[in-house]
Every structure is written in C-alpha cells, then in structure tokens.
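Below you'll find the structure, written out as structure tokens, and then a few comments.
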Number of protein chains: 2
Amino acid sequence: MTGDSVNGDRAPSTLAFLLSQVGIHASRRFAERIAEVDLNPPLFRILNLIDAAEGQSQQAIGAGIQVPPSRMVALVDELEERGLVERRPNPEDRRVRALYLTRKGRSALTRGRAIAKAHEEELTEGMSETDRTRLTKLLQKMVDQQAIGRGVHPGLSS
Amino acid sequence: MTGDSVNGDRAPSTLAFLLSQVGIHASRRFAERIAEVDLNPPLFRILNLIDAAEGQSQQAIGAGIQVPPSRMVALVDELEERGLVERRPNPEDRRVRALYLTRKGRSALTRGRAIAKAHEEELTEGMSETDRTRLTKLLQKMVDQQAIGRGVHPGLSS
DNA sequence: TATTGTTATACTCTATAACTATA
DNA sequence: TATAGTTATAGAGTATAACAATA
C-alpha cells in the first residue's frame, strides 16, 4: 500500500487528517475487540453508565451522553433481552423505568473492561510512558478547547 | 454538560477513548464545513486523488484508498453529474474510464482546500506551534506503528 | 478466464415525529 | 399541558454478489 502511486501519501498529513484517521482506526479496532464479549461500543458504554449511576431513568442516562430517547429504548431493549440489565418500575413515578445491572451484566462489564484495557495497550504499543502522558495531555487540552465535553463521545450521540 | 452527574467524566479518559472522541469530532466538524461548498468528505477526497493522478481509472483510484469498485461508481457518478469530473474513454482499453477534473471541479477543489485549511486552524486553535508539531509527530508515529497506512483514511474504506 | 465498470440489493446505524400512559 | 417511554418510519452510508462488455 505504502508504495502505491495512487494514494494520498505524497503530501504530509495535516493534524486534522491524522486525528480523524487515528481516531476512527481506534474506534473500529475497539469495536472489533469488544465484539469478543458479544458487545458493541454503544452497549458497553451504556453498561458503564448504568454501573456508575444505578437506578437512574433511561432518559437521564441518555441525556448525559446526548443520546435521544428513542435510541435509548433500542439500546436498553437489547441489554435487557440479553439479561444484562433490568428495568424496574419507579414507585414514585410510574412513567419511569429505573435501570439496574444484573449479575450477568456486571460480569459482562468486567470482561469488557479487560478488553478495553488490552485495547489501550495495543494502541499505545511501542510508545514510551513519556509520550503517552504527553499525548493524553495534548488531546485532553483539545477536548476542552474545542468544547467537545469530557466523557461525551460523539460516536454515541448526534 | 460538564456538571452533570450522569455522564462519563468521573474517571480520567484513556488514550483510546480520547483518540476516538477527538478523531470523530474532527471528522464531523470537517463534514459540516466542507458542506459549505456542497461537498462531503469522500467526494472531496476523491477530487484530491483525481487531481493527483489524472487519467487514472476509477478502480485504480479506489484501490489506493481501499474503496470497492461499486462505491467508486456511485462517487464518480455524483461528481460527474455535478460537472466536477469527466469520464473519458481510454483508447487502449475500452473497459476503462479515465478520470479528469473539469474546470468547475478544479475550482471546487480549490475552495475545498481553503476550507480544509480553516478547519485545521480551528482544530488547533489555542495550541502552540511546539504542541502542534509534537502532536503531529506522535500521531504519525502511531499511524506507522499501528500499520494504518499513511494517507489511508478508514472512514473512506472498509 | 480475468478484469472494468455497473446494477441490484440488503444491512447497519441513527434520527425525527407521532403516539401512550402517566404526571 | 408536559414528560418518560415507545413505535413507526425514513435516511445516510456502505458492502456483497451477480452481470455485461472487453481483454
């Protein structure tokens, strides 16, 4: 590939190009790996959020990461069908469905986290500790400067 | 958003998360901006590639960035309908359609490049020149280490 | 037989709008 | 009237497979 004459590697890549190139690669690769535990990135992300705030409503969870209500339904449906999440009635407001992880859900989350860690290591393979820290800081600064929102992943929102 | 209790910002982000977060943001933002000249990222990319290798066949262009033949048809169809690209017969092989930019295509490309430059500036706003260079080098190293392929954008391939 | 370009088709992801049951 | 959840539906983007013309 690198030796082809018809590709885009003649000009040095811009930061914008590199960022989107590496970012999409990282997302794709993570999607591949998290599939090993029969999850996909959105599902894994929701599992994490429920774990961090058990008993919250579907829409409260969704609002935090800019996921519309209708999508939350589909996502939670799938998690519930697989027995990873439970929808419990909220006695104070019968419209609300409070979300809880099942034991199976908790175990899936643990396995997912191990994969996330392995993915992180794969992605930073061959990088010195200094470079990792440096890169993290630069990207974090960008998230703040560009007002992306910490923890808000655009691939799971609008 | 940053003050919400139900979001993902409690734990410090991993490099994998940051990379995909910032990368997808950069892609989305670029898509928004390039729409100002009535293009989308794949179309702009193809325009660039044709400019760099005029007279090549559709499939030769597509192969360099891992785009399947059937998709090249749709992409070039659209560019041709808008009068940005011309398909010319190749007298040596009548199966082949050689691609050329029209004057209008060249002008669209110029305007697109100006937008790409503005996008680059927006994305690196508030960053020192040192940090830009540093970030570029780190990402470039990652592209090589992860065998992503210089100039090959995963968002325009498989 | 192999290759270029094409068509037909289908699948994934996602959002918008309308609906229901509660409040 | 407003809100939580739901359903119906449609659009964008993309890939695979089969096909026609030419090599």
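Labels below follow one simple rule: chain letters A, B, ... track the order of the sequence lines, proteins then strands, and each chain is numbered from 1.
Ring planes of F30(B) and H119(B): tilted class, angle from 30 to 60°.
Side-chain contact check for S107(A) and R111(A): at least one donor-acceptor pair (N or O, by modelled atom type) lies under 3.5 Å.
Salt bridge D144(A)/K141(A): absent, no basic N to carboxylate O contact under 4.0 Å. A salt bridge is absent between E120(A) and K117(A): the closest approach of a Lys/Arg side-chain nitrogen to an acidic carboxylate oxygen does not fall below 4.0 angstrom. In this structure, E54(B) pairs ionically with R106(B), as a charged nitrogen and a carboxylate oxygen lie closer than 4.0 Å.
Taking the side chain as every heavy atom from C-beta outward, R29(B) and E32(B) approach each other to under 4.5 Å. The shortest distance between side-chain heavy atoms of V76(B) and R97(B) does not fall below 4.5 Å. L101(A) is listed as a side-chain neighbour of V85(A), based on a closest heavy-atom distance under 4.5 Å.
R97(A) places its CZ atom 12 Å from the C1' atom of dT22(C), with the value rounded to the nearest Å. The distance between atom CG of L99(B) and atom P of dT4(C), rounded to the nearest whole Å, is 13 Å. Taking atom CZ of residue R28(B) and atom P of nucleotide dA12(D), one finds them 16 Å apart after rounding to whole Å. The interatomic distance linking L75(A) (CG) with dT12(C) (C1') rounds to 13 Å, in whole Å. The distance between atom CD of E78(B) and atom P of dT6(C), rounded to the nearest whole Å, is 15 Å.
Contact check of residues 79-94 of chain A against DNA chain D (heavy atom, cut-off under 4.0 Å) returns R87(A).
V96(A) comes within contact range of the sugar-phosphate backbone alone, with a heavy-atom separation under 4.0 Å but no base atom that close.
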Enumerate the protein-to-nucleotides 16-20 of chain D contacts in which both atoms are nitrogen or oxygen and the separation is below 3.5 Å.
from: dT16(D); atom 1: O4; to: S70(B); atom 2: OG; distance (Å): 2.8

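The side chain of Q58(A) contributes no N or O atom lying less than 4.0 Å from OP1 or OP2 of dA4(D).
The residue among R95(A) and M72(A) whose nearest nucleotide of DNA chain D lies closer to the 5′ end is R95(A).
No more than 12 heavy-atom neighbours from other residues, nucleotides or ligands sit within 6.0 angstrom of CD on E92(A).
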